[in-house]
Amino acid sequence: MALKRKDLLGLRDITRGEIEEILKTAETMKKVVVGPNKKTSHLQGKSIVTLFYENSTRTRLSFELASKYMSAVAANIAASSSSVKKGETLIDTAQTIDSMGTDVIIMRHPMSGAPHIMAQHVRSSVINAGDGTNEHPTQGLLDMLTIQEKKGGFEGLKVAIVGDVVHSRVARSDVFGLTRMGARVVLAGPPTLLPAPGCELPGAEYAPTVEEAVEDADVVMALRIQLERQKKGLFPSVREYARFFEIDPKMLSLAKPDAFVMHPGPINRGVEISSYVANSDRSVINEQVTNGVAVRMALLYLLTRRDA
């Protein structure tokens, strides 16, 4: 199978069938990730370029490993050491990479919508690895794969997402993808870190307290508090935030007994999630990382098969 679309720019407009196909393919690819022989020929003869205008560890490394596990020719470009520093525009950079015979360009950019602009000017498939405060679709898909593995599906599940929702591209992709598949997504956090009235994420519910969001939840996700924004005074202090919003054992006890905890990483331990919970058997944070490689392998495979 293959995806009919050229690019994966977000989950806002993705279909249920496309999500199912990606997750099904990712399940197969995961066997390679966790197996003894991490080498397949799925991308033999294909070229993959990662272009990151922001720092990244998990996303960038997982895309690189996904490319190499499937025998692609992979190259990495950091904007800080590229011609961008010489004044080259995004479109010029994109067309330069495209002209070298690249099959897929994976881009992270601080400006919302940047991958969408790039996709309009290249023949290569473009994968959004996070754009501004808009979306992070591959994180949303790996979260969905993790939930599907643990719960067997999405219909009727209550997923609580707690923290800095307004700045979180992960939250947006999770809301779009999970609600499309029939889950109920409830958001909670400090009022200053939630979307303003009239700008709410479509399909999501908003709880007045974290306790109400977490109560009887099947899945609890803690979002990273972006400490670099603390200087803007969006909440009094890190200690104050942890006092009211940290996912600790007491907070988690409000969820269903078989509920598990997720986090997109990197973790601020003792702030949005306690070390005890992060290290407990109810945490699937490391499994999310493993599933990230599988999902990205699946996407690279499906997008490069469009013309097969």
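Starting from 1, each residue takes its place in the sequence as its number.
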Self-check item: Heavy-atom closest pair, residues M221 and P264
Solution: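 So the minimum-distance heavy-atom pair works out to CG-CD, 4.4 Å.
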Quiz item: For R5 and L303, which heavy atoms make the closest approach, and how far apart are they?
Solution: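 Here R5 and L303 meet closest at O-CD2, 3.6 Å.
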Quiz item: Testing D7, T102, D98 for side-chain hydrogen bond (donor to acceptor under 3.5 Å, both in side chains) with S124, which one passes?
Solution: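 With S124 as partner, side-chain hydrogen bond (donor to acceptor under 3.5 Å, both in side chains) holds for just one option, D98.
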Between [X] and [Y] (salt bridge meaning N to carboxylate O under 4.0 Å), is one present in this structure?
X    : Y    : value
K30  : E149 : yes
K151 : D258 : yes
E64  : R58  : no
R224 : E272 : no
R180 : E155 : no

Exercise. Answer yes or no on whether R108 is positioned over the face of F52, meaning its NZ or CZ is under 6.0 Å from the six-membered ring centre and within 45° of the axis.
Key: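 No, R108 does not lie over the aromatic ring of F52.
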Self-check item: Cation-pi geometry met for R296 and F63 (6.0 Å, 45°)
Solution: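 Here R296 passes the 6.0 Å and 45° test against F63.
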Looking at [atom1] of [X] and [atom2] of [Y], how far apart are the two atoms once the value is rounded to the nearest 0.5 Å?
X    : Y   : atom1 : atom2 : result
I127 : L51 : CD1   : CG    : 13.0 Å
T96  : I91 : OG1   : CD1   : 11.5 Å
K38  : K31 : NZ    : NZ    : 15.0 Å
F154 : E20 : CZ    : CD    : 9.0 Å

Practice problem: On the 0 to 90° scale, with breaks at 30° and 60°, tag the H109-Y53 ring pair as parallel, tilted or perpendicular. | Solution: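 Ring orientation, 0 to 90° scale: tilted.
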Under 3.5 Å, is there a donor-acceptor pair linking the side chains of [X] and [Y]?
X    : Y    : answer
T50  : N76  : yes
N291 : E287 : no
D143 : T146 : no

